[in-house]
Amino acid sequence: MTIPSHSAPPRRRSAWRLGAIGGLVAAVVGGYAITVANGAEAAETLLSQGKPATASSTEAPNAYRAEEAVDGNPGTRWSSTFSDPQWLQVDLGSSSSITRVELNWETAAAKAFQIQVSDNASNWNTIYSTTTSTGGDQSLNVNGTGRYVRMYGTQRTTGYGYSLWEFKVFGGGGTTPTTPPTTPPTSGPPVPGGGSLGANVVVFDPGMSTSAIQSRADEIFRQQESNQFGTQRYVLAFKPGTYNGLNIQVGFYTSVVGLGQNPQDVRINGDITVDAGWFDGNATQNFWRSTENLSVYPVNGTDRWAVSQAAPFRRMDVHGNLNLAPNGYGWASGGYIADSRIAGSEGQYSQQQWFTRNSQIQSNTNAVWNQMFVGVPGAPAQSFPNPPYTTIGSAPVIREKPYLYQNGGNYAVFVPNLQTNASGVTWANGNTPGSSIPLSQFYVAKPGDSAATINQALAQGLNLIFQPGVYHVNQTINVTRANTVVMGLGYATIIPDNGVTPMQVADVDGVKVAGLLFDAGTTNSANLLVVGPNGSSANHASNPTTVQDVFFRIGGSIAGKATNSLLVNSNNTIIDHIWAWRADHGNGGTYGWNVNTAATGLTVNGQNVTAYGLFVEHYQKYEVVWNGNGGRTYFLQNEQPYDPPSNAAWRSDGTGYAAYKVADSVTSHEAWGLGSYCYFNVNPSVHSARGFEVPVNSGVKMHNLLTVSLGGNGVIDHVINNTGGPAQGTDTVPVYVVNFP
């Protein structure tokens, strides 16, 4: 894709300039300077020229690179992608006293930016800040010490990115700063960024033998194939290159990922397989596993990914067909695909429901109850309910999930840009647009780390990666900085102790929470993840917080309790694939009507919140409660609680609770492709009054709804309010409502 030029000719730089700022007089000659302070002259040296430079992003592949801003050539420049924030940093090689920074902006400049220094490229101190810059040539007298110096831009003067012809750092004429840094003080010693991803991130490279890779993958699969409620967690990570003759079978709590910039960078001539042999061909319990950022060339032309909930298939390039059913076409109950390309057929076969977003397929095979496509070229035409395809041309607002990769041989996390009205994959025409964050700017949490240590790292300004494992926290993890990335590897699992809320996000822009499993503790927690405090009111439309591949479990592993799982108070939040599950099976003594108690899976109070791919099951009251205006939901898979002892025990008026409740006060809400099922196996005589409950007004619109009674175990009397129904009988036939009202 050709990017329109917004370059301006190099600005002419004066050979000599004299300025007085803050009592200092600086004379600049030929790019060097002497600084006069209190009448005394001291030599000032250009420290940055030719030194290693890195940036959050570049405007185009192999162009406008970071090093071009420190090469001493006024005709070359660094330029970022068109989003906030962005940064450019230079490594001076050793800690130095910084006295002045010179910025020579191209037309695409910063209105708001900071100059920051660091000894480790992780913990930054701000030594200059402005929100009223107009660009041009700037010479900033500063006072700081550090090995690394960066420009951190938070607001642009144009619709383009940030662009610097030259970024020059001078030192030698100043003193160590005596004023405290402007970053908030922390309560303990500095926590280092970067480090090992842990022994359970198992890394393969193309130089390894096929037999060695297959043997290690098989060893992990044998351990994880039926290990549904165990504590082991794994990532199988493939460095860029080609791998031949592999069949990587994916068990519980296992993520298979490519470490390239794009899926094509890692080629598997073989298969990445999920089947259901461990459960006699029934895939309805194939939970908690994933694959991401790989290209697959299946041996027989078809790859098999037979899963149900919490098993995302992201950034995959399948050169053939994809079969979503187990061998023998046994039961399978729903899943999720995003940012993936399937050269052949997406084979639904026995999948009861499925959600595919922002992908590209050649065709689709079969439909059962509720198959939905958003922004998918090649998807079948809208035809709900016969066959039950819901097809929407584009996603109104989305940011793809951050992902781990290697940048120049070093680990980093790539954060894709926000998109509007998006269709197809982000990587079809080159690199996914976005920015890269080096691992040095993350705290890598290890099992056994305390919440206090994690909070210390966040307070220092670090992002957060959790190694694969299980984490107990006895206080809330507080994410307070805008644009923080919080990411789990290999289904990293957080368990709250003593009834705390394990994680809360402030009402700030652009936080990304991804790849975590919250497992409720044995003392009731009010919530498991909170996005924004009560009363959040800021508008985050230009940079929303995202919650992606985040899963919640109440019981099953331990006898957990939590009143609500996910609470969203911040406006404009994007929820992109969650599974909130109150367990209907598990280890002995971990589930039952009075054991793993949980009222609601998702509560939305924020305005203009968008949800893609909601899977919410078995909660004891309304399972999704939507109180904010402007909400949009694309796909819901729900099973009502299996275990109400009676209608009276479930709800005092005997009506039961709907799966999806839009509050009576809401005046604008729209949803597509929502299904609710009942399987009241403890007492099959239980009735649910309805699957969905909404206020009746012109601003609340519901499309393509269904209810099902599984094998006649109970009845859902109506689909929505008092319309549609009843869902009943042993034939397990859905009842559909196409539009309401």
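The residues of the chain are indexed from 1 along the displayed sequence.
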Side-chain donor or acceptor of [X] paired with backbone N/O of [Y] under 3.5 Å:
X	Y	result
Ser133	Ala110	yes
Ser57	Thr81	yes
Lys512	Gly510	yes
Trp427	Asp339	yes
Ser97	Gly171	no
Ser96	Ser94	yes
Asn478	Thr480	no
Tyr162	Gln155	yes
Thr426	Thr432	no
Thr157	Ala109	yes

Below 4.5 Å, heavy atoms only, C-beta onward: do [X] and [Y] meet side chain to side chain?
X	Y	result
Asn463	Val486	no
Thr420	Pro396	no
Val485	Val415	yes
Arg341	Pro263	no
Leu88	Val70	no
Thr130	Phe113	yes
Leu140	Leu103	yes
Val90	Pro52	no

What do the steps show when you test Arg100 against Asn143 for side-chain hydrogen bond (donor to acceptor under 3.5 Å, both in side chains), and what is the final call? CA-CA 8 Å; Arg100 193 168 58 84; Asn143 199 8; over 6 Å; no
Under the rule for side chain to side chain donor-acceptor pair (under 3.5 Å), what residues qualify as partners of [X], not counting sequence neighbours?
X	result
Ser118	Asn120
Ser56	Gln86
Ser435	none
Thr667	Asn629

To the closest 0.5 Å, what do you measure between [atom1] ([X]) and [atom2] ([Y])?
X	Y	atom1	atom2	value
Ile575	Thr546	CD1	OG1	11.0 Å
Tyr612	Ile392	OH	CD1	9.0 Å
Lys51	Asp71	NZ	CG	14.5 Å
Asn543	Thr154	CG	OG1	11.0 Å

With [X] via salt bridge (Lys or Arg N to Asp or Glu O under 4.0 Å) - residues at least two apart:
X	value
Asp91	Arg147
Arg156	Asp84
Arg65	Glu67
Asp576	Arg314, Arg357

Which heavy atom of [X] sits nearest to which heavy atom of [Y], and what is that distance?
X	Y	answer
Ala492	Phe466	CB-CB, 3.6 Å
Ala338	Ser359	C-OG, 3.5 Å
Val508	Thr545	O-OG1, 3.6 Å
Gly258	Asn293	O-ND2, 3.1 Å
Leu47	Ile98	CD1-CD1, 4.1 Å
Trp78	Ala69	CB-CB, 4.0 Å

Using the ring-ring contact (aromatic ring centres under 6.0 Å, His included) criterion, which residues pair with [X]? Sequence neighbours excluded.
X	value
Phe167	none
Phe635	Phe355, Phe615
Phe552	Phe518

Test of ring centre spacing under 6.0 Å for Tyr634 and Trp672: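 Yes; Trp672 has its ring centre under 6.0 Å from that of Tyr634.
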In terms of side-chain heavy atoms, does [X] have a donor or acceptor partner in [Y] at a distance below 3.5 Å?
X	Y	result
Gln116	Arg150	yes
Asp449	Tyr443	yes
Asn262	Asn431	yes

Evaluate Asp265 against Tyr405 for side-chain hydrogen bond (donor to acceptor under 3.5 Å, both in side chains), listing each step before the verdict. CA-CA 11 Å; Asp265 295 336; Tyr405 79 118; over 6 Å; no
Start with the C-alpha gap between Arg315 and Glu400, add the side-chain angles, then the distance that decides, and say whether salt bridge (charged side-chain N to carboxylate O under 4.0 Å, His left out) holds. CA-CA 9 Å; Arg315 290 182 64 81; Glu400 295 297 341; over 6 Å; no
Set out, in order, the CA-CA distance, both residues' side-chain angles and the distance that settles side-chain hydrogen bond (donor to acceptor under 3.5 Å, both in side chains) for Thr501 and Asn527, then state yes or no. CA-CA 5 Å; Thr501 292; Asn527 299 282; 4.7 Å; no
With respect to Trp124, which candidate in Gln89, Gln114, Gln460 satisfies the side-chain contact (heavy atoms from CB on, under 4.5 Å) definition?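 Single pass found, and it is Gln89.
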Using distance only, find each side-chain donor-acceptor pair of residues 565-573 under 3.5 Å and give its atom names and separation, not counting sequence neighbours.
{"unit_1": "Ser565", "atom_1": "OG", "unit_2": "Tyr619", "atom_2": "OH", "d": "2.7"}
{"unit_1": "Asn569", "atom_1": "OD1", "unit_2": "Asn605", "atom_2": "ND2", "d": "2.9"}
{"unit_1": "Asn569", "atom_1": "ND2", "unit_2": "Gly532", "atom_2": "O", "d": "2.7"}
{"unit_1": "Asn569", "atom_1": "ND2", "unit_2": "Asn534", "atom_2": "OD1", "d": "3.3"}
{"unit_1": "Ser570", "atom_1": "OG", "unit_2": "Asp507", "atom_2": "OD1", "d": "2.9"}
{"unit_1": "Asn571", "atom_1": "OD1", "unit_2": "Gln607", "atom_2": "N", "d": "2.7"}
{"unit_1": "Asn571", "atom_1": "ND2", "unit_2": "Ser537", "atom_2": "O", "d": "3.4"}
{"unit_1": "Asn571", "atom_1": "ND2", "unit_2": "Ala538", "atom_2": "O", "d": "3.1"}
{"unit_1": "Asn572", "atom_1": "OD1", "unit_2": "His540", "atom_2": "N", "d": "2.7"}
{"unit_1": "Asn572", "atom_1": "OD1", "unit_2": "Ala541", "atom_2": "N", "d": "3.3"}
{"unit_1": "Thr573", "atom_1": "OG1", "unit_2": "Ser570", "atom_2": "O", "d": "3.0"}

